[in-house]
2 protein chains.
Amino acid sequence: MTAISLSSRETARRRLLDALRREGPMARVEIGQHLGMSPASVSELTASLLDEGILVAEDAADQAAGLFRGRPKTRLFFAETLGSVVGVWTGFNRIELRLVDSAGRNRASRHIERPLRSLGAEALMDVLAETIGVFAQESGAMDVKAVGLACQGYVDTKDGIVAWSPVLGTRDLPLASGLGERLGRPVLIENDASAMAFAITQRHAELRSGRTACLMVGDGVGLGFLIQGELYRGARFGGSEFGHVRLRRSGPQCRCGGRGCIEAYLADYALHRDAQLIDHRPAPTLLLPSEEAMGSIVDQARAGDPALINLFHAAGEVLGDAVGILIQTLEPDHIVLCGPGTRAMDLLRPSFEAALESQTIPELRALATIHVVESSMDLLTEGVVMQALRELDLDLARLKAA
Amino acid sequence: MTAISLSSRETARRRLLDALRREGPMARVEIGQHLGMSPASVSELTASLLDEGILVAEDAADQAAGLFRGRPKTRLFFAETLGSVVGVWTGFNRIELRLVDSAGRNRASRHIERPLRSLGAEALMDVLAETIGVFAQESGAMDVKAVGLACQGYVDTKDGIVAWSPVLGTRDLPLASGLGERLGRPVLIENDASAMAFAITQRHAELRSGRTACLMVGDGVGLGFLIQGELYRGARFGGSEFGHVRLRRSGPQCRCGGRGCIEAYLADYALHRDAQLIDHRPAPTLLLPSEEAMGSIVDQARAGDPALINLFHAAGEVLGDAVGILIQTLEPDHIVLCGPGTRAMDLLRPSFEAALESQTIPELRALATIHVVESSMDLLTEGVVMQALRELDLDLARLKAA
DNA sequence: ATTGTTTTATTCATGAAGCGAACGAAGTGC
DNA sequence: GCACTTCGTTCGCTTCATGAATAAAACAAT
């Protein structure tokens with residue numbers, strides 16, 4: 001499951017299948033209009049996809065009754081027999097699982113509470129493989145074709161190695177091959193912010209043109225960067241772990257070991273930790289605070305608690321500085337703020353905007369539209385499962401070609 | 001002179017001409033080996049280039065005497081009759097000019113002292129047009145086909161507008177069209193750091209693969225980012241003016257109006273200003289300190305002046321933080337530190353490396369090779385003139401096609 | 001001088017990919 | 001049954017790149 005450069009045909013094929021997953025069943029003409037392809041090309045592409053058994057034509061009977069003139073459309077969609085794919089997200093003390101069919105439709109999902117950090121490399125992979133296996137079985141999926149796993153940290157998607165992750169507690173872990181051997185299936189791994197960024201851009205067409213930087217605020221702070229709808233890949237990892245950029249030299253402690261990282265102000269664990277301190281409560285034991293705990297902090301701040309308001313003020317300022325850096329460095333067309341952290345956007349906004357304005361000129365700021373997309377962590381599994389599906393599409397094509 | 005997406009043929013043509021400018025005259029076989037093209041394709045491409053009069057075959061007589069067997073190579077190179085191109089860089093109180101022929105060879109260069117900031121938009125463009133015209137005439141160039149101009153600031157290359165520049169003192173200046181009308185020739189404008197980055201990557205083959213981030217330290221601090229040897233273009237400007245990222249909330253004054261920008265620590269004007277202050281000398285009147293003035297500051301620091309050593313220590317720390325941000329955001333394969341500011345790299349290095357190490361994990365740091373390229377400001381005119389030549393190549397191709 | 005050797009350059013046929021236009025297919029409305 | 005409309009396929013054309021065969025231009029050997 002490596003991403004080499006794609007041939008012209010493979011790109012067209014991918015665009016077609018992507019569009020079908022996003023839009024649902026479409027007739028050939030519709031696909032052509034949607035992608036700006038000639039009917040001839042669509043015919044050619046779909047012919048081989050039908051031939052390979054990846055797509056099937058919808059029964060004419062299924063269609064809306066004949067209120068139209070002309071030859072009726074025959075909609076195409078993914079065959080039901082292609083098997084399914086599991087998407088996984090590993091958080092600090094939580095694993096999210098999702099099962100989708102080849103069309104990307106949700107079949108089952110679940111999350112379990114399970115701390116992972118304390119396990120060693122082998123035990124960690126054993127637990128993950130076991131968890132994935134049980135989930136698939138209990139969901140009645142006998143036909144899992146691939147697995148996609150997203151986690152925070154420096155994830156080398158190409159070689160399948162997690163160089164460092166705050167949630168796994170290991171270094172240079174060959175997670176893709178380790179899980180792949182245990183499960184007997186190809187495993188794709190990805191940074192979680194990239195996975196979420198991909199899921200969000202799949203849902204919003206305007207974000208798939210130009211350059212889109214998605215800042216995910218939640219458990220940590222991550223960055224997913226896309227150019228023309230495709231994830232930007234850096235030298236190995238992709239523009240990720242932006243949360244560990246140090247913005248304040250002597251700022252609060254971050255779990256990466258440093259001080260003053262973006263995350264140490266903005267992430268749920270940081271806000272929760274500081275709020276507990278303000279309330280003179282004991283330090284939290286759970287690394288990943290619950291949505292209820294975070295909600296109550298936000299409510300108290302909205303009710304006017306001055307110390308908590310200050311907390312969000314400082315966080316908003318850091319967010320503004322972070323977006324300023326993104327704008328000055330990547331100059332994106334779109335900036336997306338996403339993840340659970342956007343729940344408090346009303347509290348962050350004043351200081352966020354002030355900080356952003358104080359470090360960018362209007363001409364530059366005007367280039368990037370800032371979108372706040374309320375999104376929960378289950379978009380992560382959606383993103384990574386989509387990517388696994390796309391890799392599977394490619395593998396199938398190459399299998400037939402060989 | 002707009003950069004639209006290139007056709008397959010145009011890309012091949014550009015690669016061929018780029019290679020000839022870099023490597024000098026080459027025979028068709030050599031071009032093929034160099035670019036990984038089949039002889040048939042090279043033959044086809046060169047046939048039309050010869051036909052259009054852009055290339056000519058070298059005289060057989062010019063070649064080395066026949067110590068070789070087989071049919072002798074006929075080297076191809078740019079026709080002498082194609083005209084020349086002027087490259088310009090505008091600094092605070094200085095204009096650098098360069099005249100090159102169509103092969104990119106230097107024909108003449110000059111720099112004049114002339115402050116620009118105090119002029120209005122029209123007067124500024126009058127002065128520039130006049131200066132360029134006189135330079136071309138006095139260099140005996142009757143055949144200037146295009147002009148490339150690089151300057152610091154937010155430069156929209158596509159629309160030819162300078163949104164803001166610390167050296168020009170105007171806003172949203174339509175410089176390309178304004179100069180173009182005055183000179184009667186197409187004018188390409190570019191951010192100066194991008195121009196230098198392009199020049200440097202043209203000289204070093206290894207920097208043309210993967211992602212290369214060039215941080216230019218000198219008059220200001222700029223960033224040029226290239227992917228596979230082509231300049232990254234953001235929404236409008238390109239990943240530029242990185243020097244105005246604010247790294248220290250309450251840092252020293254920057255000429256952009258903000259405080260604590262990277263530039264306010266690292267740029268020549270900032271170091272010079274602070275050194276003057278330490279020596280209890282009057283504030284400098286010249287905005288761009290001379291190379292001698294900078295050299296004397298560096299010498300004093302090397303001789304052990306503790307206050308100046310501190311100055312460079314703080315600058316190095318900011319440089320380390322800046323490179324850390326670049327690594328975490330763009331994850332480049334290569335980082336190039338260039339520009340006159342590298343003259344003091346020995347003084348910057350200890351704090352630079354400490355700061356970089358304190359905010360990046362080793363796995364991530366190991367991905368990017370850091371190159372220090374000693375380069376003076378005259379590489380700027382080389383970079384922008386090369387880009388103007390490439391645009392001219394394209395225009396010629398499109399002219400023939402139409 | 002003639003012939004062979006070696007290297008360079010061109011030509012030609014082929015294949016991949018996309019597309020416009022023409023044509024066939026499959027319905028509805030009368 | 002026939003016109004009409006819309007959908008999908010087929011055919012021929014174009015662009016582009018390439019391998020193979022061929023031509024070209026020298027030198028070396030006889």
With a 4.0 Å cut-off, would you call K145(A) and E391(A) a salt bridge? no
How does each nucleotide of nucleotides 8-20 of chain C score, in 5' to 3' order, for protein heavy atoms under 4.0 Å: base (B), sugar-phosphate only (S), or none (-)? BSBB-----SSBB
Tested for salt bridge (Lys or Arg N to Asp or Glu O under 4.0 Å) against D393(B), the lone hit among R21(B), R13(B), R14(B) is R21(B)
Check each of V384(B), V86(B), T381(B) against R98(B) using the side chain to side chain contact (heavy atoms under 4.5 Å, CB included) test, and report the only one that passes. T381(B)
If you measure from the Lys or Arg side-chain nitrogens to the Asp or Glu carboxylate oxygens, is any gap between R15(B) and E23(B) under 4.0 Å? no
Could you check which residues of residues 16-25 of chain A get a heavy atom under 4.0 Å from DNA chain D? Sort them by number, please. none
Looking only at heavy atoms, what is the nearest atom pair of V385(B) and G87(B), with distance? CG2-N, 3.3 Å
Sub-3.5 Å donor-acceptor pair from the side chain of T157(A) to the main-chain atoms of I189(A), do we have one? yes
Using only atom types and a distance under 3.5 Å, with no angle test, would you say the side chain of E58(A) pairs donor to acceptor with the backbone of F77(A)? no
Donor-acceptor check, side chain of R28(B) to backbone of T46(B), threshold 3.5 angstrom: yes or no? no
Between dT9(D) atom P and D51(A) atom CG, what is the distance in whole Å? 13 Å
